[in-house]
Every structure is written in structure tokens, then in C-alpha cells.
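Computed from a predicted model, the values in this text were never measured in an experiment. To find a chain, count down the sequence lines: A is the first, B the second, and so on, and within it residues start at 1.
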2 protein chains.
Amino acid sequence: MVRKPAKADVKAAASTRKPNMREAILAAAEELFSTYGFNAVSVRDIAQAAGANPGSVTYHFKTKDGLLLEIYRRHCGPMNRRRSELLAAARRVRDVQDRLEAIVRAYVLPAFTSGSDLAGGGTRFTRLRAIMSAEGNEVVRKIIAQTFDDTSHAFIDAIHESLPHIPRTDLVWRGHFLLGALYYTLVTPERVSRLSRGSADGTDAGHAIEELVRATVAALQAAPLDQGTPAPRKAASANPGRALT
Amino acid sequence: MVRKPAKADVKAAASTRKPNMREAILAAAEELFSTYGFNAVSVRDIAQAAGANPGSVTYHFKTKDGLLLEIYRRHCGPMNRRRSELLAAARRVRDVQDRLEAIVRAYVLPAFTSGSDLAGGGTRFTRLRAIMSAEGNEVVRKIIAQTFDDTSHAFIDAIHESLPHIPRTDLVWRGHFLLGALYYTLVTPERVSRLSRGSADGTDAGHAIEELVRATVAALQAAPLDQGTPAPRKAASANPGRALT
DNA sequence: TGATTATTTGGACGATAGTACAAATATGGT
DNA sequence: ACCATATTTGTACTATCGTCCAAATAATCA
């Protein structure tokens, strides 16, 4: 096809230098996958976005699945390490209520903030995980089960220690709901803006975190299902300020 | 509203006769889309699953998008009608606590139970919606905004009437979390079974509904963020049985 | 019945998918 | 400067995609 007129011109056209094409491909793939999903993005799309040749993608990552795998490898480590640190600190909080909130925050925060270099990297990767779990990608399913389940168990255990009267099963459910809410907020933040008629911004990560933490802490403390305790009556409305705490 | 009883006969003899190919294609497409997503399923996959010719799909629905559109048309009406009925009934519940629970149940229940003929139709369609929102399908985005937003507003308004001291914005967030939790449970139910080490079944719709309702009612009643009320201390642990209600 | 319409069929079209590979080029150590 | 290696490039391969179309078949009704 048409040859490039001059190497310098091409490089100048790109906003940044490209010392490491491999990194550029990874960044482009992460951005595209987290926006349109894995199936909807082609290797050629990624190559073009990275200013690379489709063959380079094959050279560096062998297959499209391999590229996705490498993205996960890049993020899982730092994110779970951050979670462990925050969880360890949260466990040391004296007050039960504060501790519970700190634990939930330790789970949610690393999903939003970047674990590595790029701004918004955490949000982007978590959105990618959300889309992947919806698409049911088989390559990713194994990584999730073997990389994230340990972290999930650690958090559930920590919560269970703070709420020993609630069966573990219920806490698993409620932690599951937390992850679903977190994913959905990252996938369709504009829905919040729309339904609130502009009084809330779904893309405001800070606000989303606070809302999510507050709602989750309340949900975790709700009476369990089995133990024959029907949802208590009237008391809540009699104590509106503090609501359910 | 009752559908043809003859439908059962047709289904029983699925391998032999095919009186209505259009319906068979719709059913196959719904099943495949809700399992693998829109992008991952080809028109030929659908045709094969329905025992039809790929050309028949084009004949009946013009395009692949048209097929998806028709699936939505089939379900949206009955589901939202059911929700309206249940919501109207829930509004008439006297006790505030019971009413709140009934409202949430009115939102969640039609998403699980079938609105039409097939068993598990409701669950399947809701799972489809979950995957579609993750894939960011443009064809569907318009339908969602114009068909489901009215319903969402109605539920938020009803909740707001029962919890007037909580700003609408917070209720929007919490309703959003509810939908995310609902979606995620339908998309990856096996995760609940895995993390609970077998003590819970993620595919048990009845149990999922109860857990979801309990957690959501508690979350809705939590103190709002802004009004300077820090999460209350100590009281919760002093009242473990009822927790946050 | 025959005539008209509705549906199904099988094959084809151009576009694009993931991947492979040889040639061209860039890089780094000596 | 040279050589060995790493990387990039251009292109080609096969497979599959959504859609289209003319012919074959089924269904409907005068």
C-alpha cells in the first residue's frame, strides 16, 4: 500500500512518542475493550488505535486472548495488593461501625483509583472486568476464580468477624450485590445522571464511592433471612435521622 | 392474557413439527443472546438452534438488530405492566416498613418470574438486558431510556413517598445499585455458590429475591450522605437482632 | 380446483475476522 | 562497521460475518 512519506511526520502526528509499542498496544486494547467489550473490538482496531501494525499485536501477544490475559496480569497484582493493605488497616479500626465502613471502603476504593501509572486506570480496568463477566469470556473466568476469590474471601471473613451474628451465606450474597452495584455503576454511569435529572453525576467516582459504601454498610447489617426475624416494624420510621443503624 | 395451552404440545414435539418458525427463531435468539451476548452470537447460530434457515431470519426480522428489537418488544410490555400492578398494590400497604419491602419486591419480582409463556422467561430476558447494558448496544439504549425510565421513576417516587426524609438523589443511587445487583446475580449466579462454598445456590431465584429485597430495604433506609449525619456509632452492635432496621 | 400470497431454501455477495509468515527495518553489543 | 537479534511491516490465508436474492415449496382463499 501507500508508504509513509516520512517517519518524522508520522511520529509528529501522534501526540506522544512511542518508545515501547508493546505498551501502546496494551493501553489501546485496555481502552477499547473496556469501552466496547472484547467481542466488539478487532485486533485491527487495537493496532490502529495504538499506531501499530496488526502483525505487531500477534508478535507481542500471540493471540487476542493473550492480549486480554496480559491486561489482567498487569492490574490484578497491584489492585489486590492495595486491597490487602487497606483491609489490614481497616481490621485495626476499634469501633465496629467505623471498622465495617473501612472494610467496605477498602474493597471499593482500589476498584476506582488507579493501581498503576495512568489516571483512571483503576476505573477502566474495573469496567473491563464488569463487561467481561457479562460477556462470559472463558479466558477470563479462570483468572477471576483464581485471582479474585481469595480477595473476596478475605473481605467476607473480615466482615463476618465484625458481624458474627449474621450467617456467612448472607454476607456472601450482600458482598455479591456490592460487586454488582459497583460494576453497574461503572458500566452505565449516565443512567444515574438521567434518573436523578441532573442532580447527581454518575461519573463522579468520589460520590459514587460514598453512596456505595453507605448503602452497603447498611445492607450488610440488615437482619439475616433465616433466623425467623421478620423485618422489624415501625421502629425505623420513628428514628428517621439515623435510619437503620 | 392467558396464552395458548397448545404451546406446550409444540414444545414437547420440538424435534418434529415447527408450526411457527418465527416464534422458534425468537426463542432461540433470546436463549443464545442471553447466554453469550449479542456480538458473540451469529445469525447462523440462531437459525441452527431454531432449526431454520439463515435466510428465514432475514425474512422475518430484516436485520439482526431487528430481531433483538422484537425480543424487547415482546417482553417490555408484560413486564412493566406487571410491575405497575404490583407497585399499585404495594402503595396501598399501611405499615411503612412493609410498604417499602412490598415496593422493592414489586420491582424485583417481575424481573425473575416470567411475564409470558415460557418458564424462566423473566429471568432470561433480564439476563439479556444485563448483558446488553454491559455491551453498550446502541439499538437497545434507546428502548431502555424510553421504556424503563418511566418505570424507574415511578418506583423511585413511591420509595421517596415512604422515605421523605431521604433526598431523591440518594434513592436514585440506591435504586441503581439494586438494579446492578440484580443484573450481576443473573449474569454470574455461580459466583455466589462458589464463594459460599455450596451453602448457597446462586441460581435459586426465590432465595436471591429474598436476599436482594432484604439488603435493598436496609440500604434504602440508610442515612443520606449530605445531611451532616455521620454514620451512627455503636447503636447497631447494641441491637444485633434487628440490625439496621 | 387454480391462483395468489407467504414462507422456506440454498447459495452467493462483499466485508471483516484472527492469525501466519517472509521480507524489511531498527536495535544493540562488539 | 559488522553481525545477530528484536521488532515492524505488508500481505495473504482461511473462516465467518450480516445480508441479499431467485427459485422452490407451503399455505390460503376465490
Side-chain angles (χ1 to χ4, degrees), chain A residues 1-14 16-30 32-33 35-71 132 135 137-140, chain B residues 4 6 10 13-30 32-33 35-71 132 135 137-140:
Chain A
M1 278 297 181
V2 183
R3 284 249 172 191
K4 304 176 183 178
K7 223 64 191 271
D9 294 22
V10 174
K11 296 182 94 175
T16 56
R17 293 192 307 164
K18 219 154 297 170
N20 198 344
M21 186 60 85
R22 185 186 149 96
E23 295 299 322
I25 292 171
L26 272 173
E30 189 180 310
L32 290 174
F33 285 160
T35 306
Y36 304 103
F38 183 76
N39 295 326
V41 173
S42 72
V43 172
R44 285 170 176 83
D45 291 335
I46 297 166
Q48 184 173 11
N53 190 284
S56 285
V57 178
T58 305
Y59 172 74
H60 284 291
F61 306 99
K62 197 62 186 173
T63 66
K64 192 184 175 188
D65 283 345
L67 176 52
L68 180 64
L69 212 72
E70 183 57 29
I71 294 175
M132 285 303 146
E135 283 188 339
N137 189 286
E138 194 53 43
V139 184
V140 150
Chain B
K4 309 173 187 178
V10 175
S15 58
T16 58
R17 295 192 305 169
K18 200 103 25 175
N20 198 342
M21 186 62 86
R22 187 185 148 95
E23 294 300 321
I25 293 171
L26 272 173
E30 191 181 309
L32 290 173
F33 285 160
T35 305
Y36 304 103
F38 184 77
N39 295 326
V41 173
S42 73
V43 173
R44 286 171 176 83
D45 291 336
I46 297 166
Q48 185 173 10
N53 190 284
S56 285
V57 178
T58 305
Y59 172 74
H60 284 291
F61 306 99
K62 197 63 186 175
T63 67
K64 190 184 175 187
D65 284 344
L67 176 52
L68 180 64
L69 212 72
E70 183 58 28
I71 293 175
M132 285 304 145
E135 283 189 338
N137 189 287
E138 194 53 43
V139 184
V140 150

Checklist entry - In whole angstrom, what separates Ile25(B)'s CD1 from dG18(D)'s P? => result 14 Å
Checklist entry - Can you list the steps and then say if Ser42(B) with Asp45(B) is a side chain to side chain donor-acceptor pair (under 3.5 Å)? => result CA-CA 5 Å; Ser42(B) 73; Asp45(B) 291 336; 3.1 Å; yes
Next on the checklist: In this structure, how many angstroms lie between the P atom of dT8(C) and the CD atom of Gln48(B), rounded?
Outcome noted: 17 Å
Checklist entry - Any side-chain N or O of Ser42(B) less than 4.0 Å from the OP1 or OP2 oxygen of dT16(D)? => result no
Checklist entry - Picking from dT8(D), dT19(D), dA20(C), which would you name as closest to the side chain of Thr58(A)? => result dA20(C)
Checklist entry - Side chains of Val57(A) and Arg44(A): does their closest heavy-atom pair fall under 4.5 Å? => result no
Checklist entry - Do Asp65(B) and Phe38(B) have side-chain heavy atoms sitting under 4.5 Å apart? => result yes
Checklist outcome for this item: From CZ of Arg22(B) across to P of dA27(D) the rounded distance in Å is 18 Å
Item to check | Phe61(B) CZ - dG18(D) C1' separation (whole Å) | outcome: 16 Å
Checklist entry - So does Glu70(A) pair up with Arg22(A), basic N to acidic O under 4.0 Å? => result yes
Next on the checklist: Rounded at 0.5 Å granularity, tell me how far CG in Leu69(A) sits from CZ in Phe61(A).
Outcome noted: 11.0 Å
Checklist outcome for this item: Checking dT19(D), dT8(C), dT19(C) against the side chain of His60(B) (C-beta onward), the nearest is dT8(C)
Checklist entry - Taking NZ from Lys64(A) and P from dT16(C), how many angstroms apart are they, rounded to a whole number? => result 15 Å
Item to check | Whole-Å distance separating the CG atom of Asn20(A) from the P atom of dT27(C) | outcome: 12 Å
Checklist entry - So does Tyr59(B) get a side-chain nitrogen or oxygen closer than 4.0 Å to the phosphate oxygens (OP1/OP2) of dT7(C)? => result yes
Checklist outcome for this item: Separation between CD1 (Ile25(A)) and CD1 (Ile46(A)), nearest 0.5 Å, reads 9.0 Å
Item to check | Consecutive Watson-Crick or G-U pairs in runs of at least 3, all under 3.5 Å, in which DNA chain C is involved | outcome: C:2-29 with D:2-29
Could you run down the sub-3.5 Å N/O contacts of the protein with nucleotides 10-13 of chain C?
from: dG10(C); atom 1: N7; to: Asn53(B); atom 2: OD1; distance (Å): 3.0
from: dG10(C); atom 1: N7; to: Asn53(B); atom 2: ND2; distance (Å): 3.1
from: dA12(C); atom 1: N6; to: Arg44(B); atom 2: NH2; distance (Å): 3.3

Checklist entry - Taking the six-membered ring of Phe33(B), is the NZ or CZ of Lys64(B) close enough (under 6.0 Å from the centre) and on axis enough (within 45°)? => result no
Next on the checklist: Tell me whether Glu23(A) at atom CD has more than 12 heavy atoms from other residues, nucleotides or ligands lying less than 6.0 Å away.
Outcome noted: yes
Checklist entry - Closest to the Val43(B) side chain: dT19(C), dA20(C), dT19(D)? => result dT19(D)
Checklist entry - Should Thr63(A) and Thr58(A) count as side-chain neighbours, where that means a heavy-atom distance under 4.5 Å? => result no
Item to check | Atom-to-atom span, CG of Asp45(A) to P of dA15(C) - whole angstrom | outcome: 17 Å
Checklist entry - Could you state the CG-P distance from Leu32(A) to dG18(C), rounded to the nearest angstrom? => result 12 Å
